[in-house]
K.L.:
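Can you keep this structure in mind? I'll have questions shortly.
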Amino acid sequence: MIEVLRSGALNTIQDLGRSAMMRWGVGRGGAMDPLALRVGNLLVGNPPGEAGIEVAIFPFQLRFDAACAFAVTGAARASLDGIGLPPNWAAPAEPGQVLTLEPVAQGVFAYVCFGGGVDAPVVLGGRGTDLKSGLGGIDGKPLARGQTLKLRAPPARSAMPTHGIGLSAAALSEARSTTDPPCLRFIPAAEWDEFPDEAAERFVSNPWTVGRQVNRQGYRLEGLELRRAGGRDLLSHGIVPGVIQVPPDGRPIIQMVEANTCGGYPKLGVVIDVDLALLAQRRSGQTVTFRGVGWEEAMAARRGLERQLRGIETALRLMSGRNGSPPRTA
Amino acid sequence: MAKSSLLGLDAMLFDPAGADFDDVMQARIWGLGHELQNLPWVLEAVPGMNNLTVVFDALALRPAEVAEAIEALWRRQEPFTAQGRLVEAPTIYGGDVGEDLAELARRAGISVEEAVRRHADPSYSVAAVGAMPGFVYLSGLHPSLAWPRLGTPRASAPAGAVIIGGAQTGIMPITAPTGWRLIGHSSLRLFDADGDEPALLRPGDRLKFTVQDILA
């Protein structure tokens with residue numbers, strides 16, 4: 001069992017979200033940075049989609065009541081009983097040990113994964129917390145101080161790493177933009193052609209600043225104003241995470257994982273999944289740029305990310321073998 | 001003209017809509033959705049308002065093939081005759097939640113009672129389900145009650161709020177921000193995550209507001 005000692009209103013149980021629930025008005029949800037969650041799970045020997053804790057409010061602190069393997073990935077500086085841990089690191093914890101996550105200069109979301117995964121009921125195909133709708137996680141709510149969490153299948157002691165195990169930042173960045181500011185790839189959507197050339201040119205040639213209104217539902221961007229040239233008013237239609245909407249005020253909003261499943265604003269495009277997490281990790285005041293891509297390139301990017309994750313999984317299996325743990329099976 | 005466009009890597013938006021919402025076209029959209037839902041490469045086919053979002057298996061089919069398949073089905077698509085249920089929504093008009101009711105009547109140049117009568121009279125058609133869990137887009141609002149959305153959405157409207165946005169009316173299934181106007185409160189529960197079907201209403205169902213009370 002795990003006891004939450006310190007937390008905040010945006011720290012939640014998350015997995016990789018729900019699929020095919022749009023017909024009920026339920027969105028994908030899940031981790032804002034799915035790659036970080038998947039890597040955290042791989043580090044502790046879990047399947048990549050096990051539920052972990054998404055931390056956005058720091059400091060976050062928990063105590064282990066039983067021995068357990070854990071990993072911390074994403075944007076945080078972690079320490080176990082006050083001893084600092086390297087980034088993207090998994091280690092065994094003993095009963096009574098306290099894990100603390102502090103904020104770092106770059107990034108927004110960090111993830112704590114546990115061997116076995118966090119036990120929360122499966123609601124509509126997912127364990128993740130949908131804060132907007134109040135479903136998933138534990139009673140649809142953020143984690144609170146004093147709350148205890150169970151693990152689904154605490155692994156046998158022999159399966160835990162006996163020492164720490166980690167990944168370099170380079171191992172995680174291969175499939176995504178490493179430029180500063182990051183360049184987000186998007187597939188143009190229905191109304192792209194209804195924006196005049198100069199507006200389209202402005203969108204892709206200027207940096208955009210992440211505004212103050214950011215949450216799991218959407219990120220407002222600030223920069224130039226984009227005006228659509230005519231075009232009919234749109235009736236409500238399906239939207240997905242990554243959609244770049246342009247409301248009448250001309251300032252784009254990027255729909256994030258907890259977005260509504262229907263909307264009515266004109267759409268410039270859809271940021272590809274691989275890059276949406278890069279935006280998620282940008283703070284208010286930081287910038288991003290955009291580049292339009294075709295479906296083929298977006299597909300190649302997704303395949304690249306999956307290949308990279310398989311590489312990480314293989315490497316971890318070999319490393320944990322060297323540590324004397326039995327080889328893990330997928 | 002029918003038009004398909006990519007909505008990211010795995011979704012296609014099929015949008016044959018004209019300038020105004022059309023109930024007959026919506027019945028064809030329901031039919032198209034049902035047919036597509038049975039195809040192996042379709043993960044989900046979700047009706048919007050005179051449009052359809054198709055989430056497809058991007059490893060099985062390429063976008064051009066998806067668009068072609070949707071448009072071929074559409075050309076011969078008949079309106080779907082829904083065996084819809086009629087559900088009643090007991091509603092208290094006005095009051096704290098329905099703070100815009102008096103203004104709605106004033107805009108229409110009618111009494112509050114008449115505004116309520118016009119709102120509660122029709123049997124609305126559930127055109128689409130979406131946006132929020134269990135939220136329904138209803139068609140059939142009396143034209144005199146249409147009211148453009150707020151320029152700046154209000155920060156929060158409570159679950160159960162009966163709302164009007166443009167030519168549509170609905171009920172808030174959760175407490176959330178909305179740009180729609182608030183005219184009352186209904187005890188009807190639109191969503192139950194633990195139910196066999198989590199949303200109470202499906203496209204093609206009908207909904208009728210019943211007047212429990214009118215508060216000044």
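Everything quoted here is computed from the prediction, not taken from an experiment. Scope of the values below: all heavy atoms of this structure, side chains included, with no hydrogens, waters or symmetry mates. Within every chain, numbering begins at 1; the chains are lettered A, B, ... in the order of the sequence lines, protein sequences first and strands thereafter.
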K.L.:
If you draw a 6.0 Å radius around NZ in B:K208, do more than 12 non-hydrogen atoms from other residues or ligands fall strictly inside?
P.N.:
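Yes - once you tally the heavy atoms of other residues, nucleotides and ligands closer than 6.0 Å, there are more than 12.
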
K.L.:
Which one wins on heavy-atom pair count under 4.5 Å against chain A: B:G48, B:P198, B:S5, B:G8?
P.N.:
B:P198

K.L.:
Sort by residue number and list every residue of residues 121-129 of chain A having at least one heavy atom under 4.5 Å from chain B.
P.N.:
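Hits under 4.5 Å: A:V123, A:L124.
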
K.L.:
Counting only heavy atoms from other residues, nucleotides and ligands, does the tally under 6.0 Å from CZ of B:R189 exceed 12?
P.N.:
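Incorrect, the count does not exceed 12.
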
K.L.:
Name the region of B:V129, side chain, backbone, both or neither, that has any atom closer than 4.5 Å to a heavy atom of chain A.
P.N.:
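It is both, since atoms from each part get that close.
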
K.L.:
How long is the span from the CG atom in A:L235 to the CG atom in B:D15, to the nearest 0.5 Å?
P.N.:
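Result: 7.5 Å between the selected atoms.
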
K.L.:
Can you tell which part of A:L135 gets under 4.5 Å to a heavy atom of chain B, answering side chain, backbone, both or neither?
P.N.:
side chain

K.L.:
Name the option with the most non-hydrogen atom pairs under 4.5 Å to chain A; the candidates are B:A193, B:P63, B:A128.
P.N.:
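Most heavy-atom pairs under 4.5 Å with chain A: B:P63.
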
K.L.:
Checking an interface table here. Which of residues 161-183 of chain B come within a heavy-atom distance under 4.5 Å of chain A?
P.N.:
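When heavy atoms of chain A are the reference, residues 161-183 of chain B contributes B:I174, B:T175 within the under-4.5 Å range.
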
K.L.:
Can you say whether A:P241 sits under 4.5 Å from chain B via the side chain, the backbone, both, or neither, judging by heavy atoms?
P.N.:
neither

K.L.:
Is there side-chain contact between A:V26 and B:M132, with at least one heavy-atom pair below 4.5 Å?
P.N.:
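No, too far: nothing below the 4.5 Å cut-off.
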
K.L.:
Can you list the steps and then say if A:H237 with B:N50 is a side chain to side chain contact (heavy atoms under 4.5 Å, CB included)?
P.N.:
CA-CA 8 Å; A:H237 55 270; B:N50 280 185; over 6 Å; no

K.L.:
So, do B:F191 and A:S133 sit near enough that their side-chain heavy atoms are less than 4.5 Å apart?
P.N.:
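Side chain of B:F191 against side chain of A:S133, heavy atoms only: no contact under 4.5 Å found.
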
K.L.:
Any idea which of A:G27, A:G269, A:P247, A:C262 has the most non-hydrogen atom pairs under 4.5 angstrom with chain B?
P.N.:
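Most pairs with chain B among the choices: A:C262.
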
K.L.:
CZ of B:R62: more than 12 outside heavy atoms within 6.0 angstrom?
P.N.:
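Counting neighbours around CZ of B:R62, 12 or fewer heavy atoms of other residues, nucleotides or ligands fall under 6.0 Å, so no.
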
K.L.:
Taking non-hydrogen atoms and a cut-off under 4.5 angstrom, which of residues 14-25 of chain A neighbour chain B?
P.N.:
A:A20, A:M21, A:M22, A:R23, A:W24, A:G25

K.L.:
Are any side-chain N or O atoms of A:W295 and backbone N or O atoms of B:L9, one a donor and one an acceptor, separated by less than 3.5 Å?
P.N.:
yes

K.L.:
Which of residues 213-225 of chain A get closer than 4.5 angstrom to chain B, counting heavy atoms alone?
P.N.:
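No residue falls under the 4.5 Å cut-off.
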
K.L.:
Please indicate whether B:E68 has more than 12 foreign heavy atoms, meaning atoms of other residues, nucleotides or ligands, lying under 6.0 Å from its CD.
P.N.:
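No - once you tally the heavy atoms of other residues, nucleotides and ligands closer than 6.0 Å, there are 12 at most.
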
K.L.:
With chain B as the partner, which of A:G140, A:G136, A:S236, A:A189 has the greatest number of non-hydrogen pairs under 4.5 Å?
P.N.:
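Ranked by contacts with chain B, first place is A:S236.
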
K.L.:
In terms of heavy-atom contacts, does CG of B:D96 have more than 12 from other residues, nucleotides or ligands at under 6.0 Å?
P.N.:
no

K.L.:
Roughly how far, to the nearest 0.5 Å, is CG of B:L13 from CD1 of A:I239?
P.N.:
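These two atoms lie 11.0 Å from each other.
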
K.L.:
Do A:V243 and B:L7 pass the side chain to side chain contact (heavy atoms under 4.5 Å, CB included) test, and can you show the C-alpha distance, the side-chain angles, and the key distance before you say yes or no?
P.N.:
CA-CA 8 Å; A:V243 165; B:L7 190 67; 3.9 Å; yes

K.L.:
Would you check if B:L59 and A:R303 make a side-chain contact, meaning some heavy-atom pair closer than 4.5 Å?
P.N.:
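B:L59 reaches A:R303 side chain to side chain.
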
K.L.:
Could you walk me through whether A:R302 and B:D10 pass the side chain to side chain contact (heavy atoms under 4.5 Å, CB included) test, one step at a time?
P.N.:
CA-CA 11 Å; A:R302 176 183 288 178; B:D10 326 83; 2.8 Å; yes

K.L.:
Could you check which of B:D20, B:L43, B:T53 has the highest count of heavy-atom pairs closer than 4.5 Å to chain A?
P.N.:
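Most pairs with chain A among the choices: B:T53.
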
